[in-house]
**Student:** 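Below you will find the structure I want to go over with you.
All residue numbers refer to positions in the sequence shown, counting from 1.
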Amino acid sequence: MAESKPLDTEKIYLGGKEHHVRTHCGSVSVIVYGDQDKPALITYPDLALNHMSCFRGLFFCPEAASLLLHNFCIYHISPPGHELGAASIGESVSANSVDDLADQILEVLNFFGLGAVMCMGVTAGAYILTLFAMKYRERVLGLILISPLCRAPSWTEWFYNKVMSNLLYFYGMCGLLKEFLLQRYFSKEVRGNAEVPESDIVQACRRLLDERHGSNVMRFLQAINRRPDLTRGLKRLRCRTLIFVGDNSPFYLEALHMISKLDRRFSALVEVQACGSMVTEEQPHAMLIPMEYFFMGYGLYRPCQLSDSPRSPLSPSCISPELLSPESMGLKLKPIKTRIPLEV
């Protein structure tokens, strides 16, 4: 049974309280932000990231934050050893599989007394949440997946991951390893070059990567590199699924494959132009309008007092009826384009 690990001092990150939940395969850090009486939204980050480096841009975007925090209590789950200030996991501790990581989420939900939750994950985190939704369908209201994985690694990805594993084993979070990871996360436009400096978001991510223990990252990477193919089970998913992918993401084709296998009645794909994998950091504003339409299917809206914003619809009275038709979701919207109709 999961239990809370007592903390000498409550750690507060941006108003959130950190809990360490003991599970059958290790301790999991969960940052809880918001009113726990509200419906729950859980997040799971990509490799080598946590809530600060993977979701900060989205939650620092005032309009997105008002949409999410008005409707949800946020539970930021970190992969083992990826939380802020994490110690190195001992070699004697057994490595987790992707199934173990999905089962940990169930134990976290049970610890907090949560029923069905909304899920948001990025790349490797999106895979873990998809696997969780397939194993425990009754516990998932909906999936918001950013540059997701669903197939077993291709030979190219497998080899790339093995190179990163070797770098982590011999050199830890070295400069070359961080460059590989930044290429995984961001588009060339924000990574910079000899003439253009790195953007602030890349510099901030680079600093946060310095805090990771290479051995902890390697454990998550090895689990992801041994992941099974989920394709056959995607058609059986009945929760609504919204997928975002940057058109410069290394996992662009993965997202196209995944949306092609999901039931079109319950899924939509949003391509974000001139963006890498981590849309939550690189172009969080591009997620706002699709998420608003997505949440309308659950009767959730932005608070009306912010209705002077010109960027997006905030309540049913702000939206003309024709914009709520499925056909409207097939239109190209700059800087995004929606590939698959979403029923609302």
**Student:** For Gln104, what residues pass the side-chain hydrogen bond (donor to acceptor under 3.5 Å, both in side chains) criterion, not counting sequence neighbours?
**Tutor:**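 Per chain and number, Gln104 pairs via side-chain hydrogen bond (donor to acceptor under 3.5 Å, both in side chains) with Thr23.
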**Student:** Can you pull out every side-chain hydrogen bond (donor to acceptor under 3.5 Å, both in side chains) where at least one residue sits in residues 143-155? Sequence neighbours excluded, please.
**Tutor:**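 Matches after skipping sequence neighbours: Arg151-Glu254.
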**Student:** Tell me every residue that passes salt bridge (charged side-chain N to carboxylate O under 4.0 Å, His left out) with Glu198, counting only those two or more places apart in sequence or in another chain.
**Tutor:** Arg206
**Student:** Which residues pass the salt bridge (charged side-chain N to carboxylate O under 4.0 Å, His left out) test with Arg139, not counting sequence neighbours?
**Tutor:** none
**Student:** Among residues at least two apart in sequence or on other chains, which ones pass ring-ring contact (aromatic ring centres under 6.0 Å, His included) with Tyr75?
**Tutor:** Phe112
**Student:** Under the side-chain hydrogen bond (donor to acceptor under 3.5 Å, both in side chains) test, which residues partner Asp103, sequence neighbours left out?
**Tutor:** Lys135, Tyr136
**Student:** Excluding sequence neighbours, so at least two apart, what forms ring-ring contact (aromatic ring centres under 6.0 Å, His included) with Phe251?
**Tutor:** none
**Student:** What pairs with Tyr298 under ring-ring contact (aromatic ring centres under 6.0 Å, His included), at least two apart in sequence or on another chain?
**Tutor:**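 So Tyr298 forms a ring-ring contact (aromatic ring centres under 6.0 Å, His included) with Phe294.
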**Student:** Quick one: ring-ring contact (aromatic ring centres under 6.0 Å, His included) partners of Tyr160, sequence neighbours excluded?
**Tutor:** Phe180
**Student:** Sequence neighbours left out, what passes side-chain hydrogen bond (donor to acceptor under 3.5 Å, both in side chains) with Ser249? Give chain and number order.
**Tutor:** Ser277
**Student:** Checking Ser29 against Ser78: is there a side-chain donor and acceptor pair closer than 3.5 Å?
**Tutor:**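 Per modelled atom types, Ser78 and Ser29 side chains form no pair under 3.5 Å.
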**Student:** Does Asn193 have any side-chain hydrogen bond (donor to acceptor under 3.5 Å, both in side chains) partners at least two apart in sequence or in another chain, and if so, which?
**Tutor:**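 Asn193: no side-chain hydrogen bond (donor to acceptor under 3.5 Å, both in side chains) contacts found.
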**Student:** Could I get the full list of salt bridge (charged side-chain N to carboxylate O under 4.0 Å, His left out) partners for Asp37, not counting sequence neighbours?
**Tutor:**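 Per chain and number, Asp37 pairs via salt bridge (charged side-chain N to carboxylate O under 4.0 Å, His left out) with no residue.
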**Student:** What residue among Met52, Glu83, His51 forms side-chain contact (heavy atoms from CB on, under 4.5 Å) with His76?
**Tutor:**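 Among the candidates, only His51 passes.
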